[in-house]
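Predicted model, so just to flag it, every value in this text is computed and none were measured. In the text below, chain A, chain B and the rest are named by the order of the sequence lines, each starting its count at 1.
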Amino acid sequence: MSNDRTAIGIAAAVNSGNVTSTSVLEEHLARIAERENEVHAFNLVTSTQARERALEIDAQIAKGENVGPLAGVPIALKDNMCTRGVPTTCSSKILEGWKPPYNATVVDRLYAAGAVFVGKTNLDEFAMGSSTENSAFGPTRNPLDTSRVPGGSSGGSAAAVAAGFAAVSLGSDTGGSIRQPAALCGVVGVKPTYGLVSRYGLVAFASSLDQIGPFATTVADAALLTEIIAGHDPMDSTSIPQKAPSLLSVLDRGVEGLRIGRVTDLPEGADADVLEKLDAAFLALEKVGATIVDVTLPSLSFALTAYYLIAPAEASSNLARYDGVRYGARVAENDINTMYANTRAKGFGDEVKRRIMLGTYALSAGYYDAYYGKALKVRRLISNDFADAYTKVDVILTPTSPTVAFPFGSKTDNPLAMYLCDIFTIPTNLAGHPAMSVPFGTGQANMPVGVQVMAPTLGEEVMFRVAASLERAS
Amino acid sequence: MSDRLSAAVVAKVARLARLNISEAEVERYTKQLDGMLDHFADIDGLNLADVEPMTQAFPLANVFRADVEQPCLDREEVLAMAPAAEQGRFRVPPSGGSDE
Amino acid sequence: MIDNGLPEGWELVVGLEVHVELATKTKLFSGSPNRFGDEPNTNIDPVTLGLPGALPVLNQHAVELAMRIGLALNCTVQPSTFHRKNYFYPDLPKAYQITQYDQPLNIDGFLLLRGGVRVGIERAHMEEDTGKSTHFGGTGGRIHGSDYSLIDFNRAGVPLVEIVSRPDVRTSEQARQYVNELRGILVAIGASDAKMEEGSMRCDANVSVRKYGDPLGTRCEIKNVNSVRSIGRAIDYEARRQIDLLETGGSIRQETRHWDETDGRTHTLRTKEDADDYRYFLEPDLVPLAPDAEWVERVRAALPVLPAARRTKLAELTGADVDGEAVAVVVERSQDEYVQTVASLGGDAGRALVWVQQAFAEEGEQPRLPASDLAALTILERDGKITATQAKTVLIDMLDSGGGDPAAIAAAKGFEALDTSVIEKFVDDGIAAQPDAWAKYCGGEEKALGSLVGTIMKLSKGKADGKVVTAILQERRGI
């Protein structure tokens, strides 16, 4: 029992009294103590609060109460989710030390399910990046090879699960920021349908694209987490008015009769080792009864452009509130405009500044139609392409990331090179569809490769079915 | 090369976004942003005349809350996180005149 | 050509923008209380403060009130969206205001002023209010030259409706009427308490001038107009300022100007080098607002009778001028129903209107004096049993006591209307007592009438009806 490090296994063991929440926690804290200096998955390890919570849970269990489906499960949270009284920095100097006076909805839901929070994980500053090299507090290292990046922007959350610091973790995904690090760290990562999981308390990057989702070592754990955090939230106007889907129950259904889409006009850029594993995935699914169907998504090659106009535009507005007036860092000056300009110049890193400027430009008078306005139309084209494809197939498979985890510094010279990490993940954010990455073999330098399963809006059931099959075959 | 974006425009955008960047940074960002816009020109060739912009990922409308009071934040907890506070209010340096 | 108080040939063109705070219990996008006068920063929540991670959710009652406003102004209610208006200012917590831009909730309405002047309403849209800045140090607390500001976010997020008129107003008097009429409507429909002195109704004026027949001139927006009276003064000043400038060969710069109540002038607000580009884009955290036809109809059907309709009804009932002071005042005080009740009890509606206007300023919507008592009083007058002057005395008595039998009170005071022949005798005595005044009056000096009437009234110990005395004197004069 104590060897089962999955969330499902831990919760069952804790709820049945076979193991204490405290002992599970201590195991995880020990692993953190051993390797965190090397990996730097966390901005903050909340061991004191975690221990208190574990004791509370143990007391409840001792009284014969059932604590919940995540009883005693150590969970890490990306440091862009508000946790009351616990610093939430978004890995930015401008929010260093800021303690929110409220919890994100997902935090409340996990807490109610019995989870034990072990810490806030590192990210690319304000979730802008694909390698976690943009963190103001130093990068996170890939636990499988510390000379390589864990991916981003949720690099810390991915690494925490890969290194066994937490059984599961939460990240956020705007252009691939859960799926890509999941692929690079060899874990499962899920971006749910837009609107399925509440964004209340998630520090906004790009409001029409952001979604919270889980990292886990198994598809089943990811399904459980999704069930717990999903479902309507009245505090989020974009929240879909539905209950959370039932996903654990579909995992064993297999893929017999399902149509799996292969994109024949996939944008170039994926390495050969990655494409090899994708081919293997198609074969594996065929073997267990799925049919492979060719589809085209002609507008996909324009997705990067649309994304890098829409996301920075929304971000430029979402990040304007960091002005030194009500919270966060301030550079004191004699007039307010100088205060704004110096506070933000000092508090924001390079990539954040760049995207704010790109976004401000794309929205500005005279340029709106040429940039932001056009990008919204390209978004429509992409959505139409998917709608068309999903009349022929149930899910679509692509690589998650064009490469395996790359060495530090190899893409930081040219911002555009870094943006290309997201070519396969971006389209689903634009369309609002769910997608997840499942580890499927290894590529270069023995680093893990992830296969991306995409499904139509609210297609989590079929997506998880296919993912479970892939997991069994991998 | 820099025919899409001039340093003057970048400087203006930085002012609009309240980012005090140095001249060297203006130059660097101009080059980088110009390069990006060059890449993004791939959408210029698309025929988008009859395409409706997509502004919502999931079609919802008429989402409301009832006009019922909810508990407020504790003022002290909030002001404790403020860079400068006085008399129960947030303190800031003077403006050079507003437009609102 | 209407009398706009300007030099000949000049036309005044005014458009008015009125911001109204809605009378909801909570804010537009969150559940903090919408209350005036509380301790600073006590009505706050993550959304109000623009904390990281906060999200707006639309207050349904605010939508209801916004629709009431639109329908009361004869607007079309249409599907609408919200946009972000991006700019930096310390009382704007998110550094953007959520407002409505190219698809506002209410469009294409109108408001009728007295005398049939029709002012078009372009739109009435929803948006959130900002916090409040108080400036300290520098020159007497004004913005320029101050040392620091303190910000209170209690007001941030309060629901507003911005009502934008078309530039149909042509005189400062019309502007004042527009604002008064609008205020009356807002209060009648329960949308707002519309108190300019508390800031729950704020008015900006867009003013331009032109020679009749010319195209529209450049306009200036006048802000900081805090009372109805100031609206008139500010518009008059600004119109003159613009005319003076144009007549001396200058040109009007399109700008926002600040009205200073103490020196009675408008001043340029210091302009920044780059005027703000608001970079409007659709608010991604909200979804479209499209009230269905049933909801719109319910709101329309539930609208109370509006002041204009009430004035028409009262005028018809009493025979008074629909655009006159009496009707306006009585409707404004919501005492028109009382007058109707008096009439329905057999009282004289015209007399009742006069008394209510003159004596009921402190009475409120439900006057203390029972309508039946006032009805009885007006009947005495109508039947010639007592004079108007006597009736007033009786009325004051009745008001003091909260009621009474006017006939009995009149009798107790020894009031009775005098017979005409008796009055003729008092007139004889009056003329005899003031032969010079009589001579002057016969010679055409109308002013002499006053002292003659006064003498006669005194002689009759106030019992003669002044109107009858005057009529007799006029008849005897024979001019």
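Looking at A:Thr238, only its backbone comes within 4.5 Å of chain B, counting heavy atoms on both sides. Neither the backbone nor the side chain of A:Thr343 comes within contact range of chain B; no heavy atom of the residue lies under 4.5 Å from a heavy atom of that chain. Heavy-atom distances place no part of A:Thr338 under 4.5 Å from chain B, backbone and side chain included. Interface remark: B:Arg28 contributes side-chain atoms only to the contact with chain A (heavy atom separation under 4.5 Å). Using a 4.5 Å cut-off between heavy atoms, B:Leu37 contacts chain A through its side chain alone, with no backbone atom that close. For a residue to count as touching a neighbouring chain, one of its non-hydrogen atoms must lie under 4.5 Å from one of that chain's; by this rule A:Leu319 does not touch chain B. Proximity to chain B (any heavy atom under 4.5 Å) is restricted, for A:Tyr419, to the side chain, taken from C-beta onward. There is no contact between B:Ala66 and chain A, counting heavy-atom distances below 4.5 Å. Proximity to chain B is limited to the side chain of A:Arg84, based on heavy atoms less than 4.5 angstrom apart. For A:Leu458, the part sitting under 4.5 Å from any heavy atom of chain B is the side chain, from C-beta outward, and nothing else. Contact of A:Ala431 with chain B is made through the backbone alone, with heavy-atom distances under 4.5 Å. Contacts between A:Tyr307 and chain B at a heavy-atom distance below 4.5 Å are absent for every atom of the residue. For A:Pro101, the parts lying near chain B are the backbone and the side chain together; criterion is any non-hydrogen pair under 4.5 Å. Of the two parts of B:Ala84, the backbone and the side chain both hold a non-hydrogen atom closer than 4.5 Å to a non-hydrogen atom of chain A. For chain B, the nearby part of A:Asn334 is the backbone; its heavy atoms alone come within less than 4.5 Å. Looking at B:Leu48, the atoms closer than 4.5 Å to chain A (heavy atoms on both sides) sit in the backbone and in the side chain alike.
The shortest non-hydrogen separation linking A:Pro415 to B:Met36 is CB-CE, 3.7 Å. Closest of all the heavy-atom pairs between B:Ala17 and A:Thr360 is CB-OG1, 3.8 Å. Taking all atoms of both residues into account, the shortest heavy-atom contact from B:Ala57 to A:Tyr194 is CB-CD2, 3.6 Å. Heavy atoms only, all atoms of each residue included: A:Gly324 and B:Pro83 are closest at O-CG, 3.2 Å.
In terms of heavy-atom pairs under 4.5 Å with chain B, the best-connected choice from A:Tyr102, A:Tyr340, A:Tyr308, A:Tyr361 is A:Tyr361. Most heavy-atom pairs under 4.5 Å with chain B, from the set A:Ala345, A:Ala362, A:Gly432: that is A:Ala345. With chain A as partner, the option from B:Asp42, B:Leu73, B:Leu33 having the largest number of non-hydrogen pairs under 4.5 angstrom is B:Asp42. Chosen from A:Val325, A:Ile356, A:Leu304, the residue pairing most often with chain B at heavy-atom distances under 4.5 Å is A:Val325. Per-residue counts of heavy-atom pairs under 4.5 Å with chain B were compared for A:Gly195, A:Pro100, A:Gly85, A:Ser237; the largest is that of A:Ser237. For the options B:Val9, B:Leu79, B:Leu46, heavy-atom pairs under 4.5 Å to chain A are most numerous at B:Leu46.
Here the side chains of B:Pro93 and A:Arg330 are in contact, with some heavy-atom distance below 4.5 Å.
Between atom CG of residue B:Asp44 and atom CZ of residue A:Phe302 there is a gap of 10.0 Å, rounded to the nearest 0.5 Å. Rounding to the nearest 0.5 Å places CD of B:Glu52 at 11.0 Å from CG of A:Leu376. Atom CD of residue B:Gln32 and atom CG of residue A:Leu358 lie 11.0 Å apart, to the nearest 0.5 angstrom. With rounding to the nearest 0.5 angstrom, the CE atom of A:Met357 is 14.5 Å from the NZ atom of B:Lys12. The line from CD1 of B:Ile21 to CG of A:Asp350 is 10.0 Å long, rounded to the nearest 0.5 Å. Here the CG-NZ distance, from B:Asn20 to A:Lys353, works out to 9.0 Å after rounding to the nearest 0.5 Å.
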Kindly indicate, with the supporting measurements, whether the criterion side-chain contact (heavy atoms from CB on, under 4.5 Å) is fulfilled by B:Val13 and A:Tyr367.
CA-CA 12 Å; B:Val13 166; A:Tyr367 300 108; over 6 Å; no
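The environment of CD in B:Glu27 is sparse: at most 12 heavy-atom neighbours from other residues, nucleotides or ligands sit within 6.0 Å.
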